[in-house]
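Not measured: the values here are computed from a predicted model.
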Amino acid sequence: MSTRTATDERAVVIGLEVHVQLETDTKIFCGCSTEPTEDEEPNTRTCPVCLGLPGALPVLNEGAVEAAVKIGKALEADIPERTDFHRKNYYYPDLPKNFQITQYDAPICADGELEVAVEDSRRTIGITRAHLEEDPGSLQHAGGSIDTADHTLVDYNRAGTPLVEIVTEPDFRSPAETRAFLAKLEEVLEYLGVFDATRDGSLRVDANISLVPGESVAKDGSIDDDALAAANRTEVKNISSHKGAEKALAYEVTRQRNALRRGRAVEQETRHWDESRGITVSMRSKEAEKDYRYFREADLPPLEVSDWRESIPIPELPDARRERFRAEYGLGAEAADKLTSRKAVADFYEDVADRFDPDLAATWVADNLLGELNYRDMAITDVDDRLEEFARLIELVDADDLTTKNAEEVVLRGMLDDGDDPDTIVEREGLGTADTGEVEAAVADAIDDNPEAVADYHDGDDGAINFLVGQVMQRTGGSADPGEVNALLRERLAE
């Protein structure tokens, strides 16, 4: 068998370590704010605790623990009665103490799972663990990327920000699957209210990639343990988005395949994803677990959550809400998916569906509003203080005070582009619906003024009716309902 054939038959094995920034007011072990201020200076949102100064002692943030418990429940993970904190020892410039307070063999969540849709199938991804830890500081590489920078600056404002690290089983078989998983995970975290996707660095991913012989993959997708242990593993860091994860892993899989085709070994190393260049670059040899010299954090007592974990509620999660929308509102799968993709969207839809027909509400929220927001690279959260105005727009359409065409093409776009409310736009543009007499007069004029189109229609050219509808809409300034105009024209032309 040729080297190329043997390499092509290699299977891709990927596992993820997802670092989620928790939405708390203060850092995990001190009272420093987690909220950056405008034009914030480096190294100013710090204190002796998060800077690791001698004698400073950590105090655990209760809000971070509650957030971790919610995540564990959503992932159907085991939450033990007792969990401990450890010191992970390594030297790196962004780590002010030269160790990180994290969890090791007693994480707050373990043995969970998350079901994701991948193309036309559903896959269950195993969650090995989810544990609490503190974020390091941030590095700014001046004059280039990590391997070309003139020098590197360190900012400790982020040091001590609470994180939950979610570690998956090596259950991914393609970069596309990791993208689907990250999108689903972010959706769940947003529903839980523990995560803000708009924050810079709120979700960061380290990915471990191995190529194993294809015959070591069973029909159910499981990997032979010996084959996985024998394959050198590359860790890719600095991934910060779903799309970035897919691109970084696609590049790395190709790089490893090419190395094997050339008869070279894949080094066990840590690599950095350089998004600007679309490549991974070598950082260092990959550490083994023993290199971190974990030991118990003596300044923090064991954490016991058994007495109050059951009292921490979690909301209805995306999958459950999706199914309820289909059953309760009679929505199709595509509409239900759109309307539950963000909690704010789902909440707004339910509010609108309580006032109007659910199908009308779905059309306006899922298609019209989200479509216009996406076109402008905006999210529902960018207009969440104006949702009553959008409900008023739907009310005008539902009451036949405004045509759907004018509502979509003039009023909605004006609301988003100019910030005006719907009533102001309707009055300014003169967009009230035409009365029956005005429409009937416009229909008669269109028929009288366009005998050729009338003749074409009578000769069987049904498309001629569209031209006549356009003529009527032009005469009424777009204030007539196109469907009613079409029906009225057909009625008059049949006489």
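- For T46 against Y156, the heavy-atom pair with the smallest separation is CG2-O, 3.5 Å.
- Ring pair F172/F181: centre-to-centre distance below 6.0 Å.
- Among all heavy-atom pairs drawn from S241 and L182, the shortest one is O-CD1, 4.4 Å.
- When the side chain to side chain donor-acceptor pair (under 3.5 Å) test is applied to D377, no partner is found at least two apart in sequence or on another chain.
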query = After noting the C-alpha distance and the side-chain angles of D319 and K184, does the key distance pass the salt bridge (charged side-chain N to carboxylate O under 4.0 Å, His left out) rule?
reply = CA-CA 10 Å; D319 284 349; K184 178 63 177 291; 2.9 Å; yes
task = Please step through side-chain hydrogen bond (donor to acceptor under 3.5 Å, both in side chains) for the pair T234 and E269, ending with a clear verdict.
result = CA-CA 5 Å; T234 297; E269 62 178 339; 5.0 Å; no
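- Although no hydrogens or angles enter the test, the distance criterion places a donor-acceptor pair under 3.5 Å between the side chain of R45 and the main chain of S33.
- Formation of a donor-acceptor pair under 3.5 Å by the D274 side chain with backbone atoms of S276 is found in this model.
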task = For side chain to side chain contact (heavy atoms under 4.5 Å, CB included), just list the numbers for V345 and V365, CA-CA rounded to whole Å, side-chain angles, deciding distance to a tenth of an Å, and then say yes or no.
result = CA-CA 8 Å; V345 173; V365 179; 4.1 Å; yes
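- Using modelled atom types and a 3.5 Å distance limit, the side chains of E316 and Y191 yield no donor-acceptor pair.
- Side-chain contact check for R261 and N258: at least one donor-acceptor pair (N or O, by modelled atom type) lies under 3.5 Å.
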ask   = Could you go step by step and tell me if D206 and V236 meet the side chain to side chain contact (heavy atoms under 4.5 Å, CB included) rule?
value = CA-CA 6 Å; D206 298 340; V236 179; over 6 Å; no
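- In D385, the CG atom is crowded: over 12 heavy atoms of neighbouring residues, nucleotides or ligands sit closer than 6.0 Å.
- With rounding to the nearest 0.5 Å, the separation of CG in L387 from CD1 in I380 is 5.5 Å.
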Tabulate below the donor-acceptor pairs under 3.5 Å that side-chain atoms of residues 100-115 make, not counting sequence neighbours, or state none.
| from | atom 1 | to | atom 2 | distance (Å) |
| --- | --- | --- | --- | --- |
| Q100 | NE2 | E134 | O | 2.7 |
| T102 | OG1 | H131 | NE2 | 3.4 |
| T102 | OG1 | E133 | OE1 | 2.8 |
| Q103 | OE1 | I108 | N | 3.3 |
| Q103 | OE1 | L132 | N | 3.0 |
| Q103 | NE2 | T83 | OG1 | 2.7 |
| Q103 | NE2 | D84 | O | 3.3 |
| Y104 | OH | E289 | OE1 | 2.8 |
| D105 | OD1 | H86 | NE2 | 3.4 |
| E115 | OE1 | R122 | NE | 2.8 |
| E115 | OE1 | R122 | NH2 | 3.3 |

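- Note: E17 CD to E235 CD = 5.0 Å, rounded to the nearest 0.5 Å.
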query = Given the rule in the side chain to side chain contact (heavy atoms under 4.5 Å, CB included) test, do W364 and L393 qualify, once you have shown the distances and angles that lead to the verdict?
reply = CA-CA 10 Å; W364 270 95; L393 175 59; 3.8 Å; yes
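- Under the 3.5 Å distance criterion, the side-chain polar atoms of T340 are left unmatched by any main-chain donor or acceptor of A346.
- With contacts defined as side-chain heavy-atom distances shorter than 4.5 Å, the pair M415/P422 qualifies.
- Residue T363 holds its OG1 atom at 9.0 Å from CD of E408, rounded to the nearest 0.5 Å.
- The two atoms that bring K27 and C50 nearest to each other are NZ-SG, 3.5 Å, heavy atoms only.
- Using a 4.0 Å cut-off between charged nitrogen and carboxylate oxygen, R321 and E350 count as a salt-bridge pair.
- For the pair V49 and L51, the minimum side-chain heavy-atom distance is 4.5 Å or more.
- The CZ atom of R233 sits 9.0 Å away from atom OG1 of T270, with the distance rounded to the nearest 0.5 Å.
- Two residues are said to be in side-chain contact when any heavy atoms from C-beta on lie closer than 4.5 Å; R255 and E252 meet this criterion.
- At distances below 3.5 Å, at least one donor-acceptor pair connects side-chain atoms of R376 with backbone N or O atoms of E372.
- Between I125 and E169 the shortest side-chain heavy-atom distance does not fall below 4.5 Å.
- The cationic atom of R87 (NZ for Lys, CZ for Arg) lies less than 6.0 Å from the six-membered ring centre of F99 and within 45° of the ring axis.
- By the 4.5 Å heavy-atom criterion applied to side chains, V205 and H19 are not counted as neighbours.
- Side-chain contact of T161 with Q21: a donor-acceptor pair under 3.5 Å is absent, judged by distance alone.
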message = Pair V69, I79 - check side chain to side chain contact (heavy atoms under 4.5 Å, CB included), show working.
response = CA-CA 7 Å; V69 170; I79 301 174; 4.0 Å; yes
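- Listed for the N368 side chain is no donor-acceptor partner under 3.5 Å among the backbone atoms of A362.
- A 4.5 Å side-chain heavy-atom check between E40 and T37 finds at least one atom pair inside the cut-off.
- One N or O on the side chain of S202 and one on the backbone of D196 form a donor-acceptor pair closer than 3.5 Å.
- Contacts of E23 classified as salt bridge (charged side-chain N to carboxylate O under 4.0 Å, His left out), with partners at least two apart in sequence or in another chain: R199.
- With N61 contributing its side chain and F29 its backbone, the two residues share no donor-acceptor pair below 3.5 Å.
- Taking the side chain as every heavy atom from C-beta outward, V12 and R173 never approach each other to under 4.5 Å.
- L317 CG to R322 CZ: the interatomic distance, rounded to the nearest 0.5 Å, is 10.5 Å.
- Evaluated for a side-chain contact (heavy atoms from CB on, under 4.5 Å) with I127, the options T168, I71, V167 yield exactly one hit, T168.
- Between the side chain of D382 and the main chain of M378, no donor-acceptor pair closer than 3.5 Å is present.
- With respect to D418 and R413, no salt bridge is recorded, no charged nitrogen being found less than 4.0 Å from a carboxylate O.
- Residues P358 and L331 come closest through the heavy atom pair O-CD2, 4.4 Å.
- Across all non-hydrogen atoms, the minimal contact from L211 to V253 is CD1-O, 4.3 Å.
- Note on R386 versus E389: salt bridge recorded, some NZ/NE/NH1/NH2 to OD/OE distance being below 4.0 Å.
- Minimum heavy-atom separation, R296 to F85: NH1-O, 3.2 Å.
- Counting only distance, with no hydrogens or angles, the side chain of N238 and the backbone of W273 share a donor-acceptor pair below 3.5 Å.
- In this structure, CG in D420 is found 11.0 Å from CG in L416, a value given to the nearest 0.5 Å.
- When the shell of 6.0 Å around NZ of K88 is examined, it contains more than 12 heavy atoms from other residues, nucleotides or ligands.
- Judged purely by atom type and a 3.5 angstrom limit, R204 has no side-chain atom pairing as donor or acceptor with the backbone of I239.
- Taking the side chain as every heavy atom from C-beta outward, L139 and L153 never approach each other to under 4.5 Å.
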